[in-house]
Amino acid sequence: MALRDTSSLHQLKSPKRDLDTQPPDSSMEEESDTRKINNSFLRDHNYATEADIISTVEFNSSGELLATGDKGGRVVVFQREQESKSQSQRRGEYNVYSTFQSHEPEFDYLKSLEIEEKINKIKWLPQQNAAYFLLSTNDKTVKLWKISERDKRPEGYNLKDEDGRIRDPSTITSLRVPVLQPMDLMVEATARRVFSNAHTYHINSISVNSDHQTYISTDDLQVNLWNLEITNRSFNIVDIKPANMEELTEVITSAEFHPQQCHTFAYSSSKGSIRLCDMRQAALCDRHCKYFEEPEDPSTRSFFSEIISSISDVKFSHNGRYLMTRDYLTVKVWDLQMENKPLETYQVHDYLRGKLCSLYENDCIFDKFECVWNGSDSVIMTGSYNNFFRMFDRNTKRDVTLEASRENSKPRAILKPRKVCIGGKRRKDEISVDSLDFSKKILHTTWHPHENIIAVAATNNLYIFQDKVN
Amino acid sequence: MFAKGTKRKFSDPGEEPALGAELGPVVRPLSSTYSLQRQSLLDMSLIKLQLCHMLVEPNLCRSVLIANTVRQIQEEMTQDGTWQIMTQALAAAQCPADRLVATEVLCRPSEALAAAQSPKPLPAGPEEEEEEEEEEVVVAAAMEEDVDSEANPLSSSSFLPAPFGAEPGWEDEEDDSEDEDSEECPSDAEDVPDSRRGDQVFGTFEIKHPAPPPDPALEELFSDVDPSYYDLDTVLTGMQSTPKMGPYDLLDSLSPHAAPALSTGTSCRSDLNELDHIMEIIVGS
């Protein structure tokens with residue numbers, strides 16, 4: 001598949017949390033958001049409120065739905081329009097389908113600390129019936145949400161009239177059978193399961209198993225296995241907490257189940273290693289069956305070597321043969337059969353190598369970028385700063401830098417490739433490294449499972465890009 | 001602004017610095033610059049660890065990575081003998097004004113390095129009961145004020161990448177010590193839990209006190225810095241592990257200290273101005 005670096009821009013900004021799209025009868029009680037967000041310490045004044053910052057995006061397995069979670073604990077689900085012959089230009093756009101408050105801020109009284117309501121990850125369950133299910137998690141609690149449609153309602157009750165008032169039984173002279181009448185489509189989200197009290201540290205990832213019955217939730221030091229039906233029990237399958245916390249030098253940064261093998265999962269660490277574990281070997285998977293780590297290049301060693309080798313995201317390819325990891329400056333593709341070095345390494349923004357100290361100072365070096373495969377595993381994508389994101393074609397070895405920004409591209413325009421100029425003369429349209437805006441970071445992106453549609457979260461804006469056809 | 005109105009010649013740790021020597025351009029920038037850079041990085045890292053007084057639980061991954069960086073610096077400084085020299089020099093410092101200087105040292109490196117965007121605001125008031133913690137918050141708050149007044153660091157601080165971004169130069173220097181490091185680190189790593197009992201990342205950092213002959217140049221360089229600052233003990237938890245390390249006693253030792261003294265080489269601002277000057281030289285601005 002050839003990477004088309006001319007994608008038509010379809011920009012959809014998520015609704016500004018006005019919640020008008022929320023159906024009035026929604027069983028979710030969260031009303032319009034009157035929370036005042038204190039943004040006095042925000043430095044970038046481009047976004048209105050911090051609660052609107054998108055913290056995760058995820059397509060479901062058919063690509064029909066796109067879920068976003070934000071710092072305010074809300075989930076917004078978009079649905080793709082049915083294609084219609086008459087409007088070929090507006091082919092399959094995504095519109096808001098459902099909005100609900102998934103998590104609320106909590107207070108841990110024991111530690112006197114707040115628990116943020118920010119949604120760290122959303123994972124969809126495979127669809128089994130008309131309803132949609134997704135898992136959403138904040139730092140401490142995973143919730144299973146059911147999103148269902150209602151387009152009929154029963155009318156003609158005996159004991160209550162149409163307004164809902166109870167009828168006096170003595171006035172009832174005849175009985176009737178209630179009939180289902182069509183009504184305006186209503187989408188409601190209900191919390192079906194709450195999985196809590198299993199994590200001492202902050203949950204960084206969740207992953208649904210291919211058996212569709214279990215999932216794992218991962219925090220800095222532990223991986224827990226849950227059954228989707230059972231909320232009061234979880235199994236700890238990885239625990240890297242040392243006996244003496246002062247000896248802690250490594251944490252788990254991400255974990256994911258293998259897409260086909262329900263007994264295999266991988267987890268990445270802050271030291272740049274990935275461990276593949278087989279759950280059949282032991283109840284506690286503290287002995288990996290494969291260990292992936294690239295030996296360090298001594299010529300590039302610095303005080304920041306360990307920090308930039310910390311893996312922020314790990315993703316299996318769809319075919320289950322490869323692993324992709326993202327560290328601060330590169331994306332690496334690993335062959336599961338080869339543990340000693342990656343198959344491919346792609347430089348995301350190597351021009352930052354000379355700026356590591358500044359980036360350490362302003363904490364940008366700790367930013368956790370995600371990475372994503374396309375449906376056919378031929379192209380990989382990841383984000384960068386200045387609202388740039390990068391795509392790498394594994395076959396042609398071509399790569400492109402694109403920008404998600406309203407200022408620089410009009411709606412429906414073809415995206416122009418961007419270039420960062422490292423030194424010397426700066427050509428027109430190029431951006432010099434020193435002009436990059438490090439507050440505009442694209443950490444979260446997702447790719448449609450079958451088509452060339454991508455969703456990119458740029459702070460509080462959601463961009464959806466599609467390949468231009470004909 | 002400096003001792004007797006002159007600046008120290010910027011030279012190798014091995015050479016004898018001539019007090020009162022004329023100011024010259026940086027003669028051999030690599031080693032001394034590297035030491036300063038490393039020192040700044042250590043200071044920065046300690047401050048980052050210290051600034052974890054947030055309403056929300058701090059990010060464990062970030063804390064672990066910063067702590068590993070601090071440990072790495074400490075190991076390297078122990079390797080080339082700098083750590084012992086520094087701590088010995090610091091332990092020897094008696095002047096109360098030194099403690100005041102420590103405040104400045106905390107504050108100024110950020111300014112000199114075109115302060116960073118502080119990721120989170122500090123709490124309104126100190127949360128810990130102990131005096132040391134209070135002072136650290138005060139210090140950090142003072143730094144925060146400095147930080148706030150700075151513009152976006154990466155666009156304006158074009159000189160910042162230079163000292164740390166001069167990777168070839170910096171890493172050349174590192175290679176020499178790196179060879180040492182790589183040989184000794186494995187054994188070091190194993191020894192760490194034993195030989196440095198109480199070497200706690202999130203608790204205390206025990207500072208060694210061996211007795212190699214102190215290097216006068218380095219001693220002077222570090223003589224103004226408060227020894228307890230480098231004890232992560234006081235930085236993080238306020239608990240004392242070694243009685244030798246006095247509490248981080250800023251408020252107690254505040255003496256009316258107006259203009260920088262022209263007395264001896266231990267003038268409060270000498271180091272800071274020197275750092276400024278070095279920055280200017282490197283930047284060429």
So what's closer than 4.5 Å to chain B heavy atoms on A:Leu221: side chain, backbone, both or neither? side chain
Which pair of non-hydrogen atoms, one from B:Leu65 and one from A:Ser270, has the smallest distance, and what is that distance? CD2-O, 3.9 Å
Please examine the side chains of A:Asp220 and B:Val64, heavy atoms only from C-beta on, and report whether any two atoms are closer than 4.5 Å. no
I'd like to check B:Gln72 versus A:Ser305 (side-chain heavy atoms, cut-off strictly below 4.5 Å). Are they in contact? no
Decide yes or no on side-chain contact (heavy atoms from CB on, under 4.5 Å) for B:Cys61 and A:Lys368, but give the supporting numbers first. CA-CA 11 Å; B:Cys61 182; A:Lys368 295 197 185 306; 3.5 Å; yes
What is the distance from atom CG of B:Leu41 to atom OH of A:Tyr360, rounded to the nearest 0.5 Å? 5.5 Å
Nearest 0.5 Å, what's the OG1-CZ distance between A:Thr249 and B:Arg71? 6.5 Å
A:His349 meets the ring pair (Phe, Tyr, Trp, His ring centres under 6.0 Å) criterion, sequence neighbours left out, with A:Tyr328, A:Phe369, A:Tyr385
When rounded to the nearest 0.5 angstrom, what is the spacing between CZ in B:Arg62 and CG in A:Asp367? 11.0 Å
Side chains of B:Asn59 and A:Phe366, heavy atoms from C-beta outward: is any pair under 4.5 Å? no
Atom group of A:Thr253 that falls short of 4.5 Å from chain B, counting heavy atoms: side chain
Could you give me the CA-CA distance, side-chain angles and deciding distance for A:His202 and B:Leu60, then say whether side-chain contact (heavy atoms from CB on, under 4.5 Å) is met? CA-CA 8 Å; A:His202 292 177; B:Leu60 186 66; over 6 Å; no
With a 4.5 Å heavy-atom cut-off, do A:Phe303 and B:Ser45 have their side chains touching? no
Under 6.0 Å from the CG atom of A:Asn197, do we count more than 12 heavy atoms belonging to anything else shown? no
Side chains of B:Asn68 and A:Lys271: does their closest heavy-atom pair fall under 4.5 Å? yes
